[in-house]
Every structure is written in C-alpha cells, then in structure tokens.
Amino acid sequence: MAKNISFTRYLVEQQRRCQAPDGGAGSIPPQLRLLLEVVARACKGISMAVNKGALGGENSILGSAESENVQGEIQKKLDIIANEVLIEANEWGGHLAAMASEEMDSIYLVPNRYPQGEYLLLFDPLDGSSNIDVNVSIGTIFSVLKKPEGPPGRNGGSTEASPVTEADFLQPGSQQVAAGYCIYGPQTTLVLTVGDGVAMFTLDREQGSFVLTQENIRIPADTKEFSINMSNLRHWDAPVKRYIEECLAGADGPRGKDFNMRWIASMVADVHRLLMRGGVFMYPWDKREPEKAGKLRLMYEANPMAWLVEQAGGAATNGRQRILDLPPAKLHERVAVFLGSKNEVERVTAYHNTL
Ligand code: P6P
C-alpha cells in the first residue's frame, strides 16, 4: 500500500478509478466526495471534543445534558455537542437535502438559505455514550442515501424541489451509497465503504488529517469470539440461547472448540474489533420489551454496520433476514442484530429459521 495516502487523495483516486461509464462499484461523484470529506472533518472536531474529557472542571464536556432524546435516553453533553458539530458542518455545503440523527425526533431539512443537494445523511453522532464518562471507546456512525428522484430542486432546477420528508429516508440499507464510522479510542480511526470494499484511515494529529492505514479489510469467515451482553441471557429466545450455550460448552460441546467473549457496550468498538480480527456481534430481541424488535436502530446503526460487514466478506441479519433487505417503516425503528464472521452469523440465523 502506498505511503501516506490522505483521506482526500483516497477519495479522489477512488472516484478516478471507478469512473467507468456505468459508474462502477464504489464510484464517488464529486458531491458525495465532498460530503464524505465534510463528515470526516466533523469527526475530527468530535474527536478533539471527546479528548478533552474532564478538563475544564465543572464546565467539562462530560456528564449529563439533563435532557432526553427521542429514544427516551438521557443525553450526555457530548451527544448534543457531536450532533451539533455534524449538523453545522454539513448544512451549508450544497451536497445534502436533509439529515436524520438518533438525537433528533424528526429530520433536519437544509435551511432555505443554503442550496439543496441530492444526498440524505443519517447518523448516530456519538454511539456508546454511556462509556464517555469512564473513558471507554465511543464513536460516530453514519449512513448516506440518495434523495429519491423528484422535480428539479433549488440548485438551478426550474421548479422548487419537493420538500424532503421522513418517507424519503425510509429506504432499505441496500440503497446506501456510503457508510462508515469513526471510533474515538486509543487512535481516532475512520472506517468507510462506498461499495468497493472497506478502508480504514487513522487520524494523524500532527498533519491534522486522516491517513489510509488499511484497505480491502476482510473478516475471517470463522471465529472463536462472540460479543453479546450475557446479563440478558434469561430474556433471550431459544435460538440465541442454543447458540450461546453451544459456544460456552467449548471444545467438549457440539462446536468442538473453545470460545472467548468480549462486550464493550459500544457497538462501534465491538464492530471495529470484529472487522480487525473476526467475531460475531449480537444484540437480539429479548422479552424485556417484547414490542421492540431489538435495542439497536436500523437506519443509523444496523444498516451502516451491516453494509461495512458485508463489504468485508461478513454477514448481517436480524436473526431471520438480511438486515440490508429490511424495509424501514419508521425513522427510529429498532432491529435485532447478528453480524460478523459469515459462518457464525449463518449458523445463528439457521437456528432461528429451524427452531
Ligand atoms: P447494553 C450503546 O448504548 C448501544 O446503543 C450500542 O453501542 C451498544 O452495543 C449497546 O447499546 C449496549 O447495550 O444493553 O449492553 O448497555
């Protein structure tokens, strides 16, 4: 791999390499390239805020914002800061029509004073925020969709754009044109797919830019490591209990090998680990809130992570179906998640479809 390829240069070369007449897998139109560069710059800003931690005493960025988000969860100050950084960075550039965030009840339309673009940006601005105050890795997850075709917009079209509505966002994950996350850990690392494999960029704080540190990331099809919150065992349904009990039985059990467990309670960190060395991440439906399909959100957590995992050779289901095929009904809907090493995801999914 060539040395010192910046995020910008990677995107330009990706655009150049994939500008086949049909666009080619991973082709990056200029507006999408601009959007991704702006998101990366916003993640740098969030990383700087996260790194301040408890500095600033009672005015530090840690702790609760004394407010709740649409999920009914107490917001951390950094949840709101990260959300504002992403909104302010992206609203003026002319590449976006609207945004949606875990931290906002409804969609955010690009203000009339700015030109409207053709993309929709969805994000969880700071995933894993229960870990912020204890200095455990957290991250930003983002997903990009195209605004559905409509009459020509404000960007020089003859008629006013049909205003974007929540319905425009309700596209299956297979329609994503870009997806990624930025993990704020020992390193600040941005991981991205535009449909042509998965690449990883590490923030070089001396240069102030993301530098390509790995590309064509591949997840091993097999693993000895599972990731789940074991304290919920009594709440799971039978297929998940069977899968986990077989893993716990180890070499003497039906799997014939010992397993290890990891649970960071920060999806970005748990998924990053399995992208780097394999593993299976699970957040299943459970009977604590049976009316909810799961805890994680489909549009801006499961869909982007599912595409990244599939682009790296893994698999991602809700226990029964491919996550990327699920037709969203609501912007903040939740979903059960099983993703990672292909053979393990296929096994636990098969248990759901046979029991
Ligand atoms: P639990 C963080 O709040 C999150 O949404 C994911 O990042 C993480 O995987 C999960 O919830 C952790 O949930 O129930 O183990 O705290």
Side-chain angles (χ1 to χ4, degrees), residues 43 46 50 62-65 67-83 100-104 122-143 179-185 189 191 225-237 240 244 261-276 279-309 314 316-319 323 331-340 345 348:
C43 288
I46 295 169
V50 166
L62 298 184
S64 167
S67 56
E68 274 192 8
N69 65 14
V70 63
Q71 329 287 344
E73 297 162 338
I74 296 294
Q75 291 174 304
K76 300 283 191 182
K77 285 186 228 173
L78 262 175
D79 284 322
I80 294 175
I81 293 167
N83 194 63
S101 164
E102 179 188 77
E103 301 304 333
M104 300 187 298
L122 301 93
F123 47 83
D124 179 353
L126 208 59
D127 175 69
S129 44
S130 61
N131 286 313
I132 294 172
D133 296 353
V134 293
N135 197 15
V136 170
S137 297
I138 48 185
T140 298
I141 309 173
F142 60 90
S143 169
Y181 61 81
C182 190
I183 178 170
Y184 312 114
T189 303
V191 176
E225 196 159 69
F226 67 86
S227 185
I228 196 167
N229 183 338
M230 286 296 291
S231 69
N232 300 327
L233 188 147
R234 65 189 182 284
H235 305 306
W236 299 330
D237 61 9
V240 182
I244 293 297
M261 194 209 89
R262 286 285 183 273
W263 186 250
I264 304 173
S266 177
M267 184 184 198
V268 174
D270 282 314
V271 171
H272 190 72
R273 184 191 54 254
L274 69 83
L275 268 171
M276 294 296 102
V280 55
F281 171 92
M282 294 164 279
Y283 211 111
W285 169 91
D286 72 49
K287 59 188 179 194
R288 287 176 294 173
E289 294 183 283
E291 74 288 354
K292 289 180 182 173
K295 172 178 184 180
L296 303 177
R297 291 78 174 183
L298 174 62
M299 297 303 294
Y300 39 79
E301 290 177 333
N303 274 341
M305 293 306 203
W307 197 29
L308 283 163
V309 163
T317 75
N318 66 352
I323 283 177
L331 186 62
H332 297 291
E333 79 180 58
R334 297 168 186 262
V335 66
V337 176
F338 300 81
L339 57 77
V345 173
V348 66

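Whatever order the structure lists them in is the order used to number ligands and atoms, beginning at 1.
A side-chain donor-acceptor contact under 3.5 Å links Arg334 to the backbone of Lys295. In terms of modelled atom types and a separation under 3.5 Å, the side chain of Arg288 and the main chain of Trp285 share no donor-acceptor contact.
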Please test Ile244 against Phe226 for side chain to side chain contact (heavy atoms under 4.5 Å, CB included), starting from the C-alpha separation and ending with a verdict. CA-CA 9 Å; Ile244 293 297; Phe226 67 86; 3.9 Å; yes
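Rounded to the nearest 0.5 angstrom, Leu126 CG and Leu78 CG are separated by 6.0 Å.
Near ligand 1, residues Asp127, Gly128, Asn229, Trp263, Ala265, Ser266, Met267, Phe281, Tyr283, Lys295, Leu296, Arg297, Glu301 come within 4.0 angstrom through at least one heavy atom.
For Trp263 and Phe281, the ring centers are positioned less than 6.0 Å apart.
Evaluation of the ring-ring contact (aromatic ring centres under 6.0 Å, His included) rule for Tyr300 yields His332 as partners, not counting sequence neighbours.
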